[in-house]
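So the structure is just underneath, and the comments pick up after that.
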Amino acid sequence: MTGEQALAIRTTDATMHAWDLARAINAPEELDPGLVAWIEDHLTEIYVGLAESPVSADTTHRFCAAPATPPLTGEAQQARLLRLMGR
């Protein structure tokens, strides 16, 4: 794994956990739209070559939770990313 990929994984992980924490403490849950867009646009590249990936059909969901719901028509970008990440 390159340093760039490791940083992208940490950034994605920190973003998802920031949302988790906001939800847990009943704080505003809106993530930075630019960060959400960057993560979504690069999700396949971020997890390329890893056994666990939120975008791989072969994932066991040991580290990346399975999406809880199917995609919705007109789903907002943050909602789509959160759903893909099992939130």
Side-chain angles (χ1 to χ4, degrees):
M1 169 182 317
T2 65
E4 183 178 356
Q5 184 180 16
L7 181 58
I9 291 168
R10 292 296 288 152
T11 300
T12 302
D13 192 51
T15 302
M16 294 299 100
H17 289 307
W19 181 87
D20 293 336
L21 180 58
R23 172 150 285 196
I25 64 171
N26 204 25
E29 298 175 8
E30 184 176 350
L31 298 169
D32 178 87
L35 183 57
V36 169
W38 182 85
I39 292 169
E40 187 181 45
D41 290 348
H42 296 91
L43 207 53
T44 302
E45 299 162 30
I46 291 169
Y47 288 96
V48 71
L50 300 180
E52 287 291 316
S53 167
V55 294
S56 171
D58 297 330
T59 290
T60 64
H61 299 295
R62 274 186 30 218
F63 302 115
C64 300
T69 59
L72 302 172
T73 303
E75 189 172 42
Q77 192 168 35
Q78 178 174 313
R80 185 172 48 248
L81 179 62
L82 291 169
R83 181 183 48 75
L84 283 171
M85 300 300 281
R87 269 60 176 192

* **Closest non-hydrogen atom pair, Ala22 against Pro28** => CB-O, 3.4 Å
* Evaluate the criterion salt bridge (Lys or Arg N to Asp or Glu O under 4.0 Å) for residue pair Asp20 and Arg23; output intermediate values, then yes/no. => CA-CA 5 Å; Asp20 293 336; Arg23 172 150 285 196; over 6 Å; no
* Asked: Hey, quick one: are Trp38 and Ile9 part of the same hydrophobic cluster, counting side-chain heavy atoms closer than 4.5 Å, chains of contacts allowed?
  -> yes
* Check: Glu29 main-chain N/O paired with Gln78 side-chain donor or acceptor under 3.5 Å -> yes
* Could you pull out the closest heavy-atom pair between Met16 and Leu82, with the gap in Å? => SD-CD2, 4.1 Å
* To do: Test side chain to side chain contact (heavy atoms under 4.5 Å, CB included) on Leu35 and Thr11 and set out the steps.
  => CA-CA 9 Å; Leu35 183 57; Thr11 300; 3.8 Å; yes
* Asked: Hey, any chance Val48 and Met1 share a hydrophobic cluster, counting ILVMFWY side chains that come within less than 4.5 Å of each other, even indirectly?
  -> no
* Positive for side-chain contact (heavy atoms from CB on, under 4.5 Å) with Ile39, one of Leu31, Asp32, Leu84, Thr12 -> Thr12
* Asked: Are side-chain heavy atoms of Leu72 and Arg80 found at a separation under 4.5 Å?
  -> no
* Please name the residue in the list Arg83, Met85, Gln77 that meets the side-chain contact (heavy atoms from CB on, under 4.5 Å) test with Leu81. => Met85
